[in-house]
Every structure is written in C-alpha cells, then in structure tokens.
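Residues: numbered from 1 along the sequence shown.
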Amino acid sequence: MHFNRNTTPAQWRGTTLAALLALGLLAGSTALSTAQDGPPGITTPTAFAAFDPSAPACSAPPGLSKVLAFAQDNEREFMQGVDHGLAAAAKDRGLEYRRAVANNDAAKMVEQVQLFLAGKVGGVVAAPVDPASLSHSLQEIMWAGGYVGTIVPPPATSLLNAPQYATGKALTDAAVAYINDKLGGKANVVLLTQDQIEFLAPRFAAMRDGLKALPGVTIVADITPNPVNKEGGFATMSTILQAHPDVDVVLGADTVVLGALAALEAAGKARPDQFLGGIDGEPEAVAAIKKPDSPYKASISLSSPVFGYAMGQHVADWLEGKSIPQAMDILPSALTGANLAQYEADLADPAAVYADPARRDAYLRMYGNICYDTRDQYVNFPWSSEAKL
C-alpha cells in the first residue's frame, strides 16, 4: 500500500510564501504571532482519567478557519500514513486540508508552523523535527484558540504517544520466542536504537531487558544510525557486518531495519532463519514479512493512518466546541504473516476502524478531557501512560 499522493506543502489563499517574504513577515517568530504569550499549560506530570466521550460541550473557538494542517517532519512511510488518515478525516468532516513537509529541517518547520499561525488555521498536527525549537510556535497556536496535536513530544492540546516500553517489549518477546524456538537459544543481535530521543528510549530499554534473560545471546552492536532512516540503517549495518559478519537478529524501527535488511542482502548475508523485526508497521515492512523465506519476521503495529484519522476527527470536534482527549495511546500489536490481511484493511480504511468502537479500541486508548473553554489545561510535559508518578 502506498500513501503518496500528489499533495503539496501548505497552500495559502491569496498569500504565497514568496509574498510573505517580500512583506518581511518572516523576520522573526514574533512578527507572525497573533497572540500574546499565554498560560504554560500543565507542566507537572499528571495521570489523566479515561476520556469521557459524554463530557459537556463548551464554546467553539472564534475567528479560526476550518482548516486542518499537518506539519510533517519527513516523507517516511509512517508519516505518509499519518497524512493519509488526516486527509481522510478532513474530507469526512468538511475541513480544508493543508500539509507542509519540513524534510528534517527544524528551522523550516518553525517557519511553516508560523505560516499556519498567520493563516489562523483551526488545527495543527505536528510531528516535530526538533521539539524544543518548535515548542513556542505550537503554544502560540493554542493561545490563539487553535487545536494542536503532536506525535509524542509536548506541548499539545492533545498529545499522542505509544506505551514505549510495552512497544519495545512486544517486539522483544517475539524475538526471544524465535531465538528459543528456532535458534536454540543462541543469537548474535544488533540493536538499532533511537536513544537520543528521550521519548523513545524506553522501547530500547525493554529490548535490552528482555534479551538479558537469554545467556546465549550476544548483542554485537547497540547503536543509533545517523540519520534514522533506511539509508542510515543500510550504512550502519554495512559497517557492523565488517566486524560481525554473522548476525542472527536485528531489532529497531522499521525504517532502519529495512535498511539493515538491504545491507545484509547486498553483502550476501541475508538468511531465511534470521529474525529481523521492526516497530511502526510500515507498508514496506509488511511487504517484506509476506515474502517467502524472508528474514523479516515481525513488525509492531502503531497504525499511523488510524491515529491520524482520530486526530483529524478531534480537530473537527474542537472547532465545534466539543470535548476531546488530552492524551491518546496508540497501542502496539505484533504483526506476523497470520494477521496481516486485517491490518492492511484497517490501514486502507481508517474511517471504518474509527466508526467501530471495538476495532478502534484495539488501536487507541484515550485519556483526559479538554475543550476550548479549558484550553489553558494543555499538556506541557512528556506524557506517557507508563509514567510512574
């Protein structure tokens, strides 16, 4: 499945980026700000109760356009899935949809979000390149009454995360079972990590914890590819193979493990009895799992079209004055050859998943309530349902 559509970065009615530059409106973030600095949000780590869908509605935010905008970090398949879900929700709820791709350029993303602010868009979903540099711009949108949804880091009206330790554990459990059942309890393992991102570090702690229980396992490499994408995974794995040519297991995000698979194949070191496993349920990983005798054995689904669709619905609800969740878990599930058909159907039609409470609850868990009148209670701490408070 491919989520690429011939979409372009944010399109502005009657005002192009070139025109804004000519007017000197990009000289600094304050030049585009439409709101004074406002409340800091909830900065103390807090456990939210379950979302109450019957919570009373409140005021609809005034003066905002019925636009859902996506500030997208890059074009990896996981983010294409978010785009697919957001676009579908916007269409179903009568919102204009705009997308701006930063291509991993943090300064460019700040510029794009400032343009969303200037355009008084009603809701912005952001996958930040650099959370620290984007934080104030997202707050400006919330202070102006708009919705902000973020994929993992704060601040946000509604923050999405995965239970990261549970996500890493789900992949590790599958790998451990394979090592015991197929490899006699012995394996040379490569961990392709993202420990530099504090919000994702627990998934790799879970991998190390699970593998420690197997005395026959040797972690021959525990490293963060640079960049964290398919090319980075290929380059890193190519280097590892020079020192450790016999690798049995590779674990990490799908995008880097797919690169590692390509490196194994290029070096003639790919074997049917290997266990390569990733996180995100990316379409290319799903395709690799389907191939006969593939080393790629499992991916942990964090269905981005489904949560993208949910976030798009929440934008529409926000603009109507309804109460929406303050936080949302995207729940991990292990994809194997046995359950791929239903997963692919859900990827293709996230609206059907969202409309079916049982199917939706298999992917999403929602917490807290917030609406326009309580917008000062936005999430401004690194929320996780796994946090011990």
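Put simply, Leu200 and Tyr165 are part of two different groups of oily side chains (I, L, V, M, F, W, Y) that touch within less than 4.5 Å, one to the next. Two different hydrophobic clusters hold Val247 and Phe234 under the rule that ILVMFWY side chains link at heavy-atom gaps under 4.5 Å. Both Ile219 and Leu171 are members of a single hydrophobic cluster when ILVMFWY side chains are connected at heavy-atom separations under 4.5 Å. Met366 is connected to Ile324 through a chain of hydrophobic side-chain contacts under 4.5 Å among Ile, Leu, Val, Met, Phe, Trp and Tyr, so both are in one cluster. Note on Val306: it clusters hydrophobically with Met328, by side-chain heavy-atom contacts below 4.5 Å among ILVMFWY residues.
Contact annotation: the side chain of Ile42 never approaches that of Val379 to less than 4.5 Å [non-hydrogen atoms, C-beta and beyond]. With a 4.5 Å cut-off on side-chain heavy atoms, Thr193 and Met207 do not count as touching. Using a 4.5 Å heavy-atom cutoff, the side chains of Val101 and Glu75 are in contact. Within the 4.5 Å cutoff, the side chain of Tyr372 has heavy atoms near those of the Pro62 side chain. Side-chain contact between Arg98 and Val67: present, with at least one pair of heavy atoms (C-beta onward) separated by less than 4.5 Å. Contact check for Phe381 versus Pro154: no side-chain heavy atoms found under the 4.5 Å cut-off. When side chains are defined from C-beta on, Asn103 counts as touching Lys108, because their heavy atoms get closer than 4.5 Å. For the pair Val353/Asp349, no side-chain contact is recorded, criterion being any heavy-atom separation below 4.5 Å from C-beta on.
The local environment of CG in Asp293 is sparse, with at most 12 non-hydrogen atoms from other residues, nucleotides or ligands closer than 6.0 Å.
Between the side chain of Trp143 and the backbone N or O of Pro39, at least one donor-acceptor pair lies under 3.5 Å. Judged purely by atom type and a 3.5 angstrom limit, Lys297 uses its side chain to pair as donor or acceptor with the backbone of Gln274. Looking at Asp248, its side chain does come within 3.5 Å of a backbone N or O of Asn188 through a donor-acceptor pair. A distance-only check finds no donor-acceptor pair linking the side chain of Asn369 to the backbone of Ser323 [under 3.5 Å]. At distances below 3.5 Å, at least one donor-acceptor pair connects side-chain atoms of Asn339 with backbone N or O atoms of Ala334. When atom types are taken as modelled, the side chain of Arg203 and the backbone of Gly168 share no donor-acceptor pair closer than 3.5 angstrom. Thr374 contributes a side-chain N or O that, together with a main-chain N or O of Cys371, makes up a donor-acceptor pair within less than 3.5 Å. With hydrogens and angles disregarded, a donor-acceptor distance shorter than 3.5 Å links the side chain of Tyr343 to the backbone of Gly281. For the pair Ser304 (side chain) and Phe78 (backbone), a donor-acceptor distance under 3.5 Å is present. Between the side chain of Gln313 and the backbone N or O of Ala89, no donor-acceptor pair lies under 3.5 Å.
Considering all non-hydrogen atoms of both residues, Val228 and Gln194 come closest at CG1-NE2, 3.5 Å. What you find for Ala187 and Val249 is that their closest heavy atoms are CB-CG2, 4.0 Å. In plain terms, the two heavy atoms of Met109 and Ala102 that are nearest each other are CB-CB, 3.7 Å. Heavy atoms only, all atoms of each residue included: Asn104 and Val129 are closest at O-CG1, 3.5 Å. Contact record, Ile289 with Ser299: CD1-N, 3.7 Å, taken as the closest heavy-atom pair. Nearest approach of Ala60 to Glu320, heavy atoms of both residues: CB-C, 4.1 Å.
In this structure, the separation between CZ on Phe70 and CD on Gln112 is 11.0 Å, given to the nearest 0.5 Å. Between Thr218 atom OG1 and His244 atom NE2 the span is 9.5 Å, to the nearest 0.5 Å. Distance CZ/Phe48 to CH2/Trp383: 8.0 Å, rounded to 0.5 Å. For the atom pair CG (Leu258) and CG (Leu192), the distance works out to 11.0 Å, reported to the nearest 0.5 Å. Rounded to the nearest 0.5 angstrom, Lys66 NZ and Leu319 CG are separated by 5.5 Å. Taking CD1 of Ile141 as the start and OH of Tyr378 as the end, the distance is 12.0 Å to the nearest 0.5 Å.
Between the side chains of Tyr97 and Asp83, at least one donor-acceptor pair of N or O atoms lies under 3.5 Å. For the residue pair Asp92 / Tyr309, a side-chain donor-acceptor distance below 3.5 Å is found, with atom types taken as modelled. For the 3.5 Å distance criterion, the side chains of Tyr296 and Asp254 qualify, holding a donor opposite an acceptor. Under 3.5 Å, the side chains of Asn161 and Ser384 contain no donor-acceptor pair of N or O atoms. In the model, Ser59 has a side-chain atom that pairs as donor or acceptor with a side-chain atom of Asp373 under 3.5 Å.
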Working for side chain to side chain contact (heavy atoms under 4.5 Å, CB included), residues Ser301 and Tyr363: CA-CA 9 Å; Ser301 160; Tyr363 287 102; 4.1 Å; yes

Evaluation steps, side chain to side chain contact (heavy atoms under 4.5 Å, CB included), between Asn229 and Arg76: CA-CA 8 Å; Asn229 59 17; Arg76 69 187 188 275; over 6 Å; no

CA sep, side-chain torsions, deciding dist, call: Thr167, Leu302, side chain to side chain contact (heavy atoms under 4.5 Å, CB included): CA-CA 9 Å; Thr167 299; Leu302 300 172; 4.2 Å; yes

Derivation of the side chain to side chain contact (heavy atoms under 4.5 Å, CB included) call for Val176 and Asn180: CA-CA 6 Å; Val176 167; Asn180 283 328; 3.7 Å; yes

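Results of the side-chain contact (heavy atoms from CB on, under 4.5 Å) test with Phe307 over Asp329, Val125, Ile330, Leu86 single out Ile330 as the only residue that passes. Each of Glu284, Glu282, Glu77 was scored for a salt bridge (charged side-chain N to carboxylate O under 4.0 Å, His left out) with Lys230, with one residue passing: Glu284. A side-chain contact (heavy atoms from CB on, under 4.5 Å) with Ile300 is found for one member of Thr172, Leu251, Asp280, Ile279 and no other, namely Ile279.
The pair Glu386-Arg365 fails the salt-bridge criterion, with no side-chain N (NZ, NE, NH1 or NH2) lying under 4.0 Å from an Asp/Glu carboxylate O.
Relative orientation of the Tyr147 and Trp318 rings is perpendicular, given thresholds of 30° and 60° on the angle between their planes. In this pair, Phe275 and Tyr178 present their aromatic rings tilted. The plane angle is within the 30 to 60° band.
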